[in-house]
Amino acid sequence: MHPLLHSLNQAQAQAVSSKPENTLVLAGAGSGKTRVLVHKIAWLVQELHYSPFSILAVTFTNKAAAEIKSRVENILQLPVNGMWLGTFHSLAHRLLRTHAVDAGLSKDFQIIDSEDQKKLVKKAIKALNLDEETYTPKESQWFINSKKDKGQRPKQISADNDEHIQTLLNIYEKYENLCEESNLIDFAELLLRVLELFSENEEIRTHYQGRFKYILVDEFQDTNTVQYKWLKLLVNQNNKMMIVGDDDQSIYGWRGAKVENINKFTKDFKDVCVIRLEQNYRSTSVILKAANKLIANNDERMGKNLWSEKESGEPIRIYAAFNEIDEAKFVKAQILTWVEQGGSRNEIAILYRSNAQSRVIEEQLIQAGIPYRVYGGMRFFERAEVKDALAYMQLIANQHNDAAFERVINHPNRGIGQRSLAVLRQYSQDNFCSMWDSAKNCVSDNLLTPKATGSVGSFLHMISMLKEASTTKDLSEIVDLVIKQSGLKLHLQTSNDEKSRQKLENLQELVSAAKNFVMDENQIDLSPLSHFLSHASLEAGDMQGESYQDCVQLMTMHSAKGLEFPLVFMIGVEEGLFPSQMSLDDPHRLQEERRLCYVGMTRAMQKLYMSYAEVRRLYGKEQYHRPSRFISEIGKDDVQEVRTKIQMKSPFTGVSVPKKTISKTHMSGFKLGQQVMHPKFGEGTILDIDGNDANARIRINFSNTGVKNLILSFAKLTPC
DNA sequence: ACAAATACTGTTTTT
DNA sequence: CAGTATTTGT
């Protein structure tokens, strides 16, 4: 057998070694899809002698791209720099830099993130003199992006006599103008421009069709309309494509991803070979069985049944908490037990639907002295102080970037307030020029107060000086100069609180980032400064590299996709939270929530806990939730309830009931959650023990007969 | 021009 | 409740 196929199962080997043809690999959770992708690339190069230059591999995250790159290089034992491997966005970026003029862009365009985008949209709304109450930046931004994700320009959309839509279209159009004037491109635009480039420019299209002999796409269920069209334009009779994805793990529909693209692929392309990877190497079969049962409640699935050779494993434990604090305490207790038994903390993940849920858990973990790490939140290049510094750099690279100009003109304070700014804005609007030019003219024509004239003048001078310096100095020196000359550093040094210290540290970190920055050898014609700025927007930087500490991982179920942990807690599994309130009335969104639950469950390798709280403090109000429908959909077979509602009287009476800790053994010798044998009812799980003597009532969930309440002294129970 | 006070608003976020 | 955004007051 070929060494590349050695470690693969039959389906995986088929995907890797089949002769090049359009292929759909339906890869279930934990079925080794990355492995297939990596081996396929290696196979193409090693066995079929494809040049790396003729392979295009697309992923959604930089992390995934980096992983594929390093694993391929590891197998081939040679660098694969010639290969086009990256995210949709980074590839689009590269294409647009190479073909800027053909794409109708000026060479030094800059990329903006969604925060900058929102500001620009806001500006567009203001410029159109619209009421910001009826046309919120948020809604408008969402409108614009969803249209761009579908590949639509304002002119191609009909408002259907709907005044509201028509206005949103006007905002879209105005926003486009603002972007163009400042030479800015947002994330969606990056992709849309490439689509338009490919569809309108036959020469370029045929060039890339010829160049890419084989195209691989990861996480295909997450592609949006534009990305799909983009790929479709690249494929002709002479090249082939392999897409890898899992319709059951499509959880980004709200961001424009179209699961249907998987199905569409099999119809749009001729003779698509479909390969299913159904053997799971991650979870126990109990977990898989439950996950399969859950996802079976969705319709329009491609169909897939995960199985495992692993032992059945422990049942999924369901904990009915009395409130969110009780839930957190339960999780804490289980973690302590796990660690006591020799488990390590980074084997543990606590997954939740929304970020706000981490707080209560954090409080308990802190109290117990358990180290933890919360994923998500601000990323490095998104932090305000870092973006301030970057805005200076953007302005140095392009003085006509109004967004950058407005961000830094009075930050740190230079005494240029709303009054002066209004003059500058008005002038730029009247004369159709950038804020930079407006400032220049307002200074020379004395249109500002003497004080403001001085401040603006020296600001302009400073930027010009920095621009001058940027041509001779290297990148990290420029960054260093920027944070000093701008006054950002001084500003943070004077305010002497903990926050400022942290911010200062981040700026220093930015200097190091610049120092360590290596230019992508594929784009030599870009200045280091512009290159670095693009990198900063395209790769916001998780900063997850550092902490190697052994700590519990806290994250949303969305960010858990692709990861795996021996012990997983899914918390807040309640109607209205998970599935989320906003998804309850829409069957499609509800199914996406279910897929999210599926993703969450399939993260677990050995043990899975799911919990819900009867009452939860949310937005300052107490909310009563029912257990999530997802819990009942899993069924009873693979599940063990740790405590039932009998304990839940207290929230209604307002009197707190002494809580039973399940780790504590009851004086009867039995403890909650324990497996017992009854002469008549057979095997069961102890759900609750009420009372402390022989008259204690015991509640047991029997696998054959269901839940029964018994008197401890009469029930002849034996542990098993 | 800035700090303080008040109003508002709450999923998920690969780029 | 808690964070942000905007408005108000000096």
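Worth saying up front: this structure is predicted, and the values here are computed from it rather than measured.
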> Listing request: all ring-ring contact (aromatic ring centres under 6.0 Å, His included) pairs with a residue in residues 571-596 of chain A, at least two apart in sequence or in separate chains.
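Every pair satisfying ring-ring contact (aromatic ring centres under 6.0 Å, His included) with a residue in residues 571-596 of chain A: A/Phe578-A/Phe630.
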> Identify whether a stacking contact exists between A/Trp254 and B/dT12, where the ring centres must be under 5.5 Å apart and the planes under 30° apart.
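A stacking contact exists, since A/Trp254 sits close and nearly parallel to the base ring of B/dT12.
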> Rounded to whole angstroms, how far apart are CZ on A/Arg419 and P on B/dA1?
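Rounded to the whole Å, the gap is 8 Å.
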> Of A/Lys138 and A/Ala257, whose closest DNA chain B nucleotide lies nearer the 5' terminus?
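Result of the comparison: A/Lys138.
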> Check this one for me: any side-chain N or O of A/Thr556 less than 4.0 Å away from OP1 or OP2 of B/dT13?
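Yes.
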> Counting heavy atoms from C-beta on, name the nucleotide in C/dC1, B/dT15, B/dT12 closest to the side chain of A/Arg353.
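The answer is B/dT12, which lies nearest to the side chain.
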> Tabulated below should be each protein N or O lying under 3.5 Å from an N or O of nucleotides 2-6 of chain B; please produce it.
| residue | atom | partner | partner atom | Å |
| --- | --- | --- | --- | --- |
| B/dC2 | OP2 | A/Asn413 | ND2 | 3.4 |

> Side chains of A/Tyr612 and A/Glu575: any donor to acceptor distance under 3.5 Å?
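There is no such pair between these side chains.
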> Honestly, is A/Arg626 close enough over A/Tyr624, meaning NZ or CZ under 6.0 Å from the six-membered ring centre and within 45° of the axis?
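No cation-pi geometry.
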> NA contact type, A/Ser354, heavy-atom cut-off 4.0 Å: base, sugar-phosphate, or nothing?
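Since only primed, P, OP1 and OP2 atoms lie under 4.0 Å of A/Ser354, the category is sugar-phosphate.
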> Regarding A/Arg359 and A/Glu362, does a basic nitrogen lie under 4.0 Å from an acidic carboxylate oxygen?
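Looking at A/Glu362 together with A/Arg359, the answer is no, because their closest N to O distance does not fall below 4.0 Å.
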> Side chains of A/Ser438 and A/Arg425: any donor to acceptor distance under 3.5 Å?
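Result is no, nothing qualifies.
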> Looking for any heavy atom pair under 4.0 Å, which part of the strands does A/Gln418 touch: base, sugar-phosphate only, or nothing?
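Here A/Gln418 touches the backbone only, sparing every base.
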> Counting only side-chain heavy atoms from C-beta out, which of C/dC1, B/dT14, B/dT15 sits nearest to A/Phe60?
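The answer is B/dT14.
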> side-chain contact (heavy atoms from CB on, under 4.5 Å) with A/Ala613: which residues, sequence neighbours excluded?
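Scan of A/Ala613 (side-chain contact (heavy atoms from CB on, under 4.5 Å), adjacent residues dropped) gives A/Ala321, A/Glu574, A/Arg616.
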> Between B/dT12, C/dC1, B/dT15, which nucleotide has the shortest distance from any of its atoms to the side chain of A/Thr87?
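From the listed options, B/dT15 comes nearest.
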> Tell me: CG of A/Asp113 to C1' of B/dT15, nearest whole Å?
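Taking CG of A/Asp113 and C1' of B/dT15, I get 10 Å after rounding.
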> Once you round it to whole Å, what is the distance between P of B/dT13 and CD of A/Glu115?
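Atom CD in A/Glu115 sits about 17 Å away from atom P in B/dT13.
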> According to ring-ring contact (aromatic ring centres under 6.0 Å, His included), who are the partners of A/Phe565, at least two apart in sequence or on a separate chain?
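Once residues adjacent in sequence are excluded, A/Phe565 has no partner under the ring-ring contact (aromatic ring centres under 6.0 Å, His included) criterion.
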> Please state how far atom CD in A/Glu324 lies from atom C1' in C/dC1, giving the value in whole angstrom units.
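Those two atoms, CD and C1', are 11 Å apart.
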> Is the gap between the ring centers of A/His89 and A/Phe60 under 6.0 Å?
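Between A/His89 and A/Phe60, the centre distance exceeds or equals 6.0 Å.
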> Quantified in whole Å, what is the P atom distance between nucleotide B/dT12 and nucleotide C/dA5?
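Roughly 16 Å separates the two P atoms.
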> Taking OP1 and OP2 of B/dT12, is either one under 4.0 Å from a side-chain nitrogen or oxygen of A/Asn355?
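A/Asn355 to B/dT12 OP1/OP2: side-chain N or O found under 4.0 Å.
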> May I ask you to say what A/Tyr252 touches in the nucleic acid, namely base, sugar-phosphate or nothing, with a heavy-atom cut-off under 4.0 Å?
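The answer is base, as A/Tyr252 lies within the cut-off (heavy atoms under 4.0 Å) of a base atom.
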> Identify, between A/Lys451 and A/Arg255, the residue whose nearest nucleotide on DNA chain B lies closer to the 5' end.
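The residue closer to the strand's 5' end, by nearest nucleotide, is A/Lys451.
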> Sugar-phosphate means primed atoms, P, OP1 and OP2; the rest is base. With that split, encode nucleotides 2-7 of chain C 5' to 3' as B, S or - using protein heavy atoms under 4.0 Å.
SS--S-
> Report the residue from A/Thr225, A/Asp186, A/Asn224 that forms a side chain to side chain donor-acceptor pair (under 3.5 Å) with A/Lys148.
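Of the listed residues A/Thr225, A/Asp186, A/Asn224, the side chain to side chain donor-acceptor pair (under 3.5 Å) partner of A/Lys148 is A/Asp186.
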> Would you say that A/Phe198 contacts A/Leu95 through its side chain, given a criterion of any heavy-atom pair below 4.5 Å between the two side chains?
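Result yes, sub-4.5 Å side-chain heavy-atom pair found.
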> Figure out the NE2/C1' separation between A/His558 and B/dT14, and round it to whole Å.
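So the two atoms are 11 Å apart, to the nearest Å.
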> Taking CD from A/Gln357 and P from C/dC1, how many angstroms apart are they, rounded to a whole number?
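Whole-Å distance recorded here is 19 Å.
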> Kindly point out which of B/dT12, B/dG10, B/dT15 is positioned nearest to the side chain of A/Tyr619?
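The answer is B/dG10.
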> With sequence neighbours excluded, give me every side chain to side chain donor-acceptor pair (under 3.5 Å) pair touching residues 576-587 of chain A.
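For residues 576-587 of chain A: A/Ser583-A/Glu593.
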> Tell me: NZ of A/Lys63 to P of B/dT15, nearest whole Å?
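That distance rounds to 10 Å.
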> Nearest whole angstrom, please: distance from the C1' of C/dC1 to the CD of A/Glu362.
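Distance, rounded to whole Å: 16 Å.
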> So A/Ser559, base contact, sugar-phosphate only, or nothing? Heavy-atom distance under 4.0 Å.
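The answer is sugar-phosphate, as A/Ser559 gets under 4.0 Å only of primed atoms, P, OP1 or OP2.
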